[in-house]
Amino acid sequence: GALFSLSYRFGVMEQLDLFVKGGFNLWYAEFDRVSIDASNVRSKEQDSATGVSPITGAGLLWRVLPDLAVRAELETTALESQDFSRTRLQLLTLGVQYDF
């Protein structure tokens, strides 16, 4: 897949920023459909699906040094296709960001 997003940063305090982001996720998935009948006969069929899903997020950026920051972020998106039911994904990240 590929992710395209835009973000906007708000200065909350001198060293603390809040940011929000939004965009979309282009994705492609290959998956197996497995079925078992009453006689315990298992069948497997390969399939694929594609889609475009909106993505949103928000986070905090704490600048501990002029070029170094600690970053915490929550992103959420939902993959949905006519081939399978809606699946919500949430990603929580904590990391260090270096600006150069």
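Just so it is clear, the structure is predicted and the values come from calculations on it, not from any experiment.
- With rounding to the nearest 0.5 angstrom, the CG atom of L79 is 5.0 Å from the CG atom of L89.
- The side-chain contact (heavy atoms from CB on, under 4.5 Å) check on S48 picks up Y28, E30, with sequence neighbours excluded.
- Partners of S53 according to the side-chain hydrogen bond (donor to acceptor under 3.5 Å, both in side chains) rule, which considers only residues two or more places apart in sequence or in another chain, are W27.
- In the hydrophobic cluster analysis, where Ile, Leu, Val, Met, Phe, Trp and Tyr join through side-chain heavy atoms closer than 4.5 angstrom, L18 is grouped together with L16.
- The hydrophobic side chain of V41 is isolated, with no ILVMFWY side chain under 4.5 Å apart from it.
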Determine, step by step, whether I55 and T76 satisfy the side-chain contact (heavy atoms from CB on, under 4.5 Å) criterion, reporting the C-alpha distance in whole Å, the side-chain angles of both residues, the deciding distance to 0.1 Å, and the verdict.
-> CA-CA 6 Å; I55 187 167; T76 183; over 6 Å; no
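- Residue Y98 is grouped with residue L60 when hydrophobic side chains (ILVMFWY) are merged at heavy-atom distances under 4.5 angstrom, including chains of intermediate members.
- Remark: S35 pairs with S43 by the side-chain hydrogen bond (donor to acceptor under 3.5 Å, both in side chains) rule, at least two apart or across chains.
- Remark: R86 pairs with E80 by the side-chain hydrogen bond (donor to acceptor under 3.5 Å, both in side chains) rule, at least two apart or across chains.
- Remark: R88 engages no residue in a salt bridge (charged side-chain N to carboxylate O under 4.0 Å, His left out) (not counting sequence neighbours).
- Every residue meeting the ring pair (Phe, Tyr, Trp, His ring centres under 6.0 Å) condition with F4, not counting sequence neighbours, appears here in chain and number order: F24.
- A distance of 8.0 Å separates CD of Q15 from CE of M13, quoted to the nearest 0.5 Å.
- For the side chain to side chain donor-acceptor pair (under 3.5 Å) condition, the pairs that include at least one residue of residues 54-65, sequence neighbours left out, are D17-R63.
- Judged by distance alone, the side chain of D37 and the main-chain N or O of S39 form a donor-acceptor pair under 3.5 Å.
- For V20 against F10, the heavy-atom pair with the smallest separation is CG2-CE1, 3.9 Å.
- Evaluation of the salt bridge (charged side-chain N to carboxylate O under 4.0 Å, His left out) test over residues 45-54, restricted to residues two or more places apart or in two chains, returns R33-D47.
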Ignoring hydrogens and angles, write down the donor-acceptor pairs under 3.5 Å from the side chains of residues 64-74, residues two or more places apart or on other chains.
from : atom 1 : to  : atom 2 : distance (Å)
R71  : NE     : E73 : OE1    : 3.2
R71  : NH1    : Q97 : OE1    : 2.7
R71  : NH2    : E73 : OE1    : 3.1
E73  : OE2    : K21 : NZ     : 2.9

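- Within the structure, the ring pair (Phe, Tyr, Trp, His ring centres under 6.0 Å) test picks out the following pairs touching residues 29-52 (sequence neighbours left out): F31-F84.
- The side-chain contact (heavy atoms from CB on, under 4.5 Å) test applied to N40 returns I36, not counting sequence neighbours.
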